[in-house]
Amino acid sequence: MPRTIAVNTWVWTSPLTDATLEPLARKAAGMGYQALELPLENIGDWDPATTRDLLADLGLGAIVVGAMGPRRSLLARAGDVTATQDYLRSCISAARAVGAAVVAGPFYAPTGVTWRMTQDERRDAVRELRENLEPVAAAAEAAGVTLAIEPLNRYETSVLNTVEQSLDALAPLLGAGVGLALDTYHLNIEEKKPADAIRAAGSAIAHVQVCGSDRGAVGEDHTDWPEIVRALDDAGYRGPLGLESFTGENATIAVAASVWRPLAPSQDELAARSIHALRALGA
Ligand code: LER
């Protein structure tokens, strides 16, 4: 049985709002996508109840994506921890209301903010992350939602870059409302062998994001896609694959993710070619 293929609305717009959500949902469904990744950049940008009805009409599932913009951090040195915990609780409520099982994102520090750490500082940062994540993880578990925490490449964060680091850092919380979100773009940069990292993550995988190694279309890049799919099979991951890429106009992430040029002839082409390639793989 092939996996659900989702697309992140960041492929086309930022921030996602009630006004942009409906035409994008219709477009994605028309392309054959079965679910939407819904970034919630600011609480209230889109209404979960209306969105739930819209997606139900179109037969689309949902994944909520949390945006770690400036000052969003579970580490005090990089932002406002209490406001970030409140923001993540709101993302969990939105997920519940829209019928999403997962809230995905790099829930530790603002995307694009890096700093050096000694071994001792890193140990302390991991402890602080766990302490500040724990109450949010409890809220997620109580709501029947999983926070899928995403390691990012070294240019976008200095906190969690690899699967091994993420498993170590989050071990006490994994399973109780917490899992990993793996993104083939970041795996390609940080892992010696992305497929081995997927296998190592195993049952901790709560969500998977995909795109070309250049953040363009899936299948037009150097990623060994058949091997990635085999690794996901071996890991026992049957959840959705969410295409994530960005327009250069993305207010929150484009600078942090260094999107300086179009990554396909158009954003529609990027999305259409990707789902075609993923279906051809039998992903
Ligand atoms: C940024 O590179 C990224 O992959 C996003 O998922 C971060 O929210």
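In this text the structure is predicted, and so the values were computed from the model without any measurement. Counting starts at 1 for both ligands and their atoms, following the listed order.
- A heavy-atom distance below 4.5 Å is found between the side chains of T84 and M68.
- When only modelled atom types and interatomic distance are considered, T223 and D221 share a side-chain donor-acceptor pair under 3.5 Å.
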Enumerate, one pair per line, all nitrogen or oxygen atoms of ligand 1 lying under 3.5 Å from a protein nitrogen or oxygen, stating the separation to 0.1 Å; write 'none' if no such pair exists.
from     : atom 1 : to   : atom 2 : distance (Å)
ligand 1 : 2 (O)  : E156 : OE1    : 2.4
ligand 1 : 2 (O)  : E156 : OE2    : 3.3
ligand 1 : 2 (O)  : H186 : NE2    : 3.3
ligand 1 : 2 (O)  : R215 : NH1    : 3.0
ligand 1 : 2 (O)  : R215 : NH2    : 3.1
ligand 1 : 4 (O)  : E150 : OE2    : 3.2
ligand 1 : 4 (O)  : D183 : OD2    : 3.4
ligand 1 : 4 (O)  : H186 : NE2    : 2.8
ligand 1 : 4 (O)  : R215 : NH2    : 2.7
ligand 1 : 4 (O)  : E244 : OE1    : 3.1
ligand 1 : 6 (O)  : E150 : OE1    : 2.8
ligand 1 : 6 (O)  : E150 : OE2    : 3.3
ligand 1 : 6 (O)  : E244 : OE1    : 3.1
ligand 1 : 6 (O)  : E244 : OE2    : 2.8

In residues 103-110, what donor-acceptor pairs under 3.5 Å come from side-chain atoms, sequence neighbours left out?
from : atom 1 : to   : atom 2 : distance (Å)
Y108 : OH     : E150 : O      : 2.6
Y108 : OH     : L152 : N      : 3.3
Y108 : OH     : L160 : O      : 3.4

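- In the hydrophobic clustering (ILVMFWY side chains linked at under 4.5 Å, chained through shared members), V102 is joined by I63.
- Taking Q267 as the reference, nothing meets the side-chain hydrogen bond (donor to acceptor under 3.5 Å, both in side chains) condition, with sequence neighbours excluded.
- Using a 3.5 Å distance cut-off with no hydrogens or angles, the side chains of T20 and T17 do pair a donor with an acceptor.
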